[in-house]
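One-based numbering, in listed order, for ligands and for the atoms of each. For the single chain, residues carry numbers from 1 onward in sequence order.
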Amino acid sequence: MFSDYPETMLLFGCGAMAGAMLSRWLESGLSPDRVTVVRPSGAAVAPGVRVERQLPSGLTADLVLVGVKPAMLGTVADDISATMAPGGQLLSILAGVTHASLRERFPAVRSIVRAMPNLPVALGAGVVALHAPDAGPDECASLTALHKPLGLVEWIEDEADYDAVTALAGSGPAFLYRFIDALAKGGAATGLDPAQAARLALVTVEGSARLATMADASPAALADRVASKGGSTRAGLDRLDADGALDRLVAETLAAATARNRDMGRENG
Ligand SMILES: NC(=O)C1=CN([C@@H]2O[C@H](COP(=O)(O)OP(=O)(O)OC[C@H]3O[C@@H](n4cnc5c(N)ncnc54)[C@H](O)[C@@H]3O)[C@@H](O)[C@H]2O)C=CC1
Ligand SMILES: O=C(O)[C@@H]1CCC=N1
């Protein structure tokens, strides 16, 4: 359990993604009385967490997490500047929006950090990719510790990679959910009861992913372990692999998401 959480934390926006991060932090020992959430709905977030519809005047925070949609950054920018404690840290989870453009908008903020999480952080089984060019070694260590309860922490040194990381890890859960759905639909198309096919698909993916994380072999090698020579898995893999169809589709999917991240950065920087 990480005990060295910032003294005061303020979240602008607490939707799907920031909400998932916060719930895991609270579960991992963050005291709710350190946290304030500003959200237009004013709806409660978790017991003990202060929620405000608008930024109360005079409130400052050591860590400010920007959890709104990238297009909303301009709307909350003045409030972000107003609430940063001297020496505070700004944590942005906005897709596409670069460190340089954040620095231009918030010149007085000591430290600006980009974090790209994904939704499984809610279970401590997510990914958080970090990029913090302002941070020295101690601050990097403390950022790693802060995000550790959320899952795998990866540092991205070259920000040029960030849009691709966002496509793979940030959007990745959506692509995998599509695959699970396709597996279930495929099962139904071969005659299974759709609800039963959906259960089989979900747990097959869950178990296979868990096994792959613990295995002594790559996912590609594990696929070959399932496929007996001349057996049915090979017949299926041959179809998936024909003309590199799956690889090509996934590469095109990630390229489209990467390009959109780049565009969102230009639109909202
Ligand atoms: N959903 C995901 O899986 C991931 C999202 N992200 C990033 O997280 C950010 C948020 O995305 P989601 O959580 O999916 O969106 P969301 O729509 O669930 O959450 C955004 C929240 O911002 C609130 N909001 C709008 N205007 C506001 C204002 N003026 N002040 C305070 N709060 C305001 C909304 O009420 C909403 O709850 C985006 O920048 C996105 O790029 C990053 C990685 C993964
Ligand atoms: O769809 C989006 O724009 C964000 C980026 C990563 C996940 N959701």
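- Side chains of E139 and S111: a donor-acceptor N/O pair is present below 3.5 angstrom, by distance only.
- Put simply, the side chain of T8 gets close to the backbone of D62: a donor and an acceptor are under 3.5 Å apart.
- In this structure, Q89 and V64 have side chains that are not in contact, with every pair of non-hydrogen atoms separated by 4.5 Å or more.
- Nearest protein heavy-atom contact of atom 40 (C) of ligand 1 is I93 O, 4.0 Å.
- Residue-to-ligand polar distances keep F12 apart from ligand 1: every N/O pair is separated by 3.5 Å or more.
- Side-chain N or O atoms of R262 include none that pairs as donor or acceptor with a backbone N or O of R266 at under 3.5 Å.
- Contact annotation: for V76 versus ligand 1, heavy atoms closer than 4.0 Å belong to the side chain alone.
- Scanning the protein for heavy atoms near atom 12 (P) of ligand 1, the closest one is K69 NZ, 3.9 Å.
- Look at D216 and R225 and you find a salt bridge, because one of the NZ, NE, NH1 or NH2 atoms lies within 4.0 Å of a carboxylate O, short of that distance.
- Of the heavy atoms in M17, both backbone and side-chain atoms come closer than 4.0 Å to ligand 1.
- Under the 4.0 angstrom criterion, atom 34 (C) of ligand 1 counts as lacking any protein heavy-atom contact.
- At a cut-off of 3.5 Å, with distance as the only test, no side-chain donor of H131 or D158 sits close to an acceptor on the other residue.
- Taking a cut-off of under 4.0 Å to the non-hydrogen atoms of M72, the atoms of ligand 1 that pass are 26 (N).
- No continuous path of hydrophobic side-chain contacts links V109 to M9 [ILVMFWY only; heavy atoms under 4.5 Å].
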Pair D134-R103, salt bridge (charged side-chain N to carboxylate O under 4.0 Å, His left out): steps then yes or no: CA-CA 10 Å; D134 306 325; R103 175 49 75 202; 2.9 Å; yes
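- Each of the following atoms of ligand 1 lies closer than 4.0 Å to a heavy atom of P117: 43 (C), 44 (C).
- Remark: ligand 1 and P40 share no N or O pair separated by less than 3.5 Å (distance only, no angle test).
- Using a 4.0 Å cutoff on heavy atoms, S41 does not count as a contact of ligand 1.
- Using a 4.0 Å cut-off between charged side-chain N and carboxylate O, E267 and R260 make a salt bridge.
- Centroid-to-centroid, the aromatic rings of H147 and W155 stay 6.0 Å apart or farther.
- With respect to the salt-bridge test (charged N to carboxylate O, under 4.0 angstrom), the residues R39 and E52 do not qualify.
- Between T75 and ligand 1, a contact under 3.5 Å exists for no N or O pair.
- Contact residues of ligand 2 (protein heavy atom closer than 4.0 angstrom to a ligand atom; sorted by chain and number): A95, T166, G170, S171, M264.
- Side-chain heavy atoms closer than 4.5 Å link hydrophobic residues (I, L, V, M, F, W, Y) into clusters, and following such links, even through other members, never connects L63 to I112.
- G67 O, 3.6 Å is the protein heavy atom nearest to atom 20 (C) of ligand 1.
- Below 4.0 Å from some heavy atom of G13 lie the following atoms of ligand 1, by number and element: 22 (O), 23 (C), 31 (C), 32 (N).
- At least one N or O atom of V68, backbone or side chain, sits closer than 3.5 Å to an N or O atom of ligand 1.
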